[in-house]
Amino acid sequence: SSTMSFSEAEMKSARGAWEKMYVDAEDNGTAVLVRMFTEHPDTKSYFTHFKGMDTAEEMKQSDQVRGHGKRVFTAINDMVQHLDNTEAFLGILNPLGQKHATQLKIDPKNFRIICDIILQLMEEKFGVDCKASFEKVTNEICTHLNNVYKEVGW
């Protein structure tokens, strides 16, 4: 369905969990991308300017990787602020989905990959409860992104 249903308690714990990650948005965003590129090397093919970087260390130092990591985290942060407002949430998510589908031609399975890595990192840093309270958010993000892809005929 297109509406989201987060209880007050779910929103509070999801936002609390996310805040811990977002405090270090650039470092954590970078860590997520580096892990994705390292564990799923095919994902690097979408980023032409990351192609020459082979080591995690090179990626970590790259302004472009750091910049994209921060952008990913900023977008998620904007969505997290609107868990109680589906229209506002989709107002952020839909244009991003459309751009990734039509201009960038990113396979939608990569969104699940990146969300799973964010959850892994949350668990490593802040424990399983932190991860658990954010899982529903990542599911919503992936579900709605997949819907956007279907709409544009992916």
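- Q64 and H68 are not linked by any side-chain donor-acceptor pair at a separation below 3.5 angstrom, with hydrogens and angles left out of the test.
- The minimum heavy-atom distance linking P108 with W154 is given by the pair CD-NE1, 3.2 Å.
- Taking CG from L119 and CE from M21, the interatomic distance works out to 8.5 Å, rounded to the nearest 0.5 Å.
- Using modelled atom types, one finds a donor on one side chain and an acceptor on the other under 3.5 Å when comparing R35 with Q120.
- We find the CD1-CG distance between I106 and L96 to be 11.5 Å, quoted to the nearest 0.5 Å.
- Note: M4 CE to N139 CG = 12.5 Å, rounded to the nearest 0.5 Å.
- The closest donor-acceptor contact from the side chain of Q61 to the backbone of E58 lies at 3.5 Å or more, if one exists at all.
- Using a distance-only test at 3.5 Å, with no hydrogens or angles considered, no donor-acceptor pair links the side chain of D78 to the main chain of A75.
- Not one N or O on the side chain of D24 forms a donor-acceptor pair closer than 3.5 Å with the backbone of D27.
- Contact check for K70 versus T74: side-chain heavy atoms found under the 4.5 Å cut-off.
- Nearest heavy-atom pair across A101 and V152 is CB-CG2, 3.7 Å.
- Nearest approach of A17 to M122, heavy atoms of both residues: O-CE, 3.5 Å.
- At a threshold of 4.5 Å between non-hydrogen side-chain atoms, the residues I76 and Y22 do not count as touching.
- Put simply, the side chain of V72 does not reach to within 4.5 Å of the side chain of V32, judged on heavy atoms.
- Between the OG1 atom in T48 and the CZ atom in F50 there is a gap of 8.5 Å [rounded to 0.5 Å].
- Geometrically, K105 does not engage Y46 in a cation-pi contact, judged by NZ or CZ lying under 6.0 Å from the ring centre and within 45° of the ring axis.
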**Request:** Test V65 against M53 for side chain to side chain contact (heavy atoms under 4.5 Å, CB included), laying out the working first.
**Result:** CA-CA 10 Å; V65 175; M53 293 177 216; 4.1 Å; yes
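- Following chains of ILVMFWY side-chain contacts shorter than 4.5 Å, one cannot reach V128 starting from I118, and the two form parts of different hydrophobic clusters.
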**Prompt:** Does the pair H100 and F111 meet the rule for a ring pair (Phe, Tyr, Trp, His ring centres under 6.0 Å), with working shown?
**Reply:** CA-CA 10 Å; H100 282 75; F111 296 119; 5.6 Å; yes
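- In this structure, the side chains of T43 and L33 stay at 4.5 Å or more apart for every pair of heavy atoms.
- Note that CD of E26 is 8.0 Å distant from CG of D63, once rounded to the nearest 0.5 Å.
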**Item:** Residue pair K44, M59: steps toward the side chain to side chain contact (heavy atoms under 4.5 Å, CB included) verdict
**Value:** CA-CA 11 Å; K44 262 170 64 180; M59 293 177 212; 4.0 Å; yes
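- For the pair E10 and K136, the minimum side-chain heavy-atom distance is below 4.5 Å.
- One finds the CD1 atom of I113 at 10.0 Å from the SG atom of C142 (value rounded to the nearest 0.5 Å).
- In this structure, V23 is not a member of the same hydrophobic cluster as V137, with clusters built from ILVMFWY side-chain heavy atoms closer than 4.5 Å.
- A distance-only check finds a donor-acceptor pair linking the side chain of R15 to the backbone of V80 [under 3.5 Å].
- By the 4.5 Å heavy-atom criterion applied to side chains, E140 and F6 are counted as neighbours.
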**N28 and K125: CA distance, side-chain angles, deciding distance, side chain to side chain contact (heavy atoms under 4.5 Å, CB included) verdict** = CA-CA 10 Å; N28 286 332; K125 286 180 164 249; 3.1 Å; yes
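- Under 4.0 Å is where a charged nitrogen must lie from a carboxylate oxygen, and between D42 and K109 at least one such pair does.
- Two residues are said to be in side-chain contact when any heavy atoms from C-beta on lie closer than 4.5 Å; H144 and V148 fail this criterion.
- Looking at T138 and R112, their side chains come closer than 4.5 Å, going by heavy atoms from C-beta outward.
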**Asked** Taking it one step at a time, do W18 and F73 satisfy ring pair (Phe, Tyr, Trp, His ring centres under 6.0 Å)?
**Response** CA-CA 10 Å; W18 177 250; F73 268 48; 4.9 Å; yes
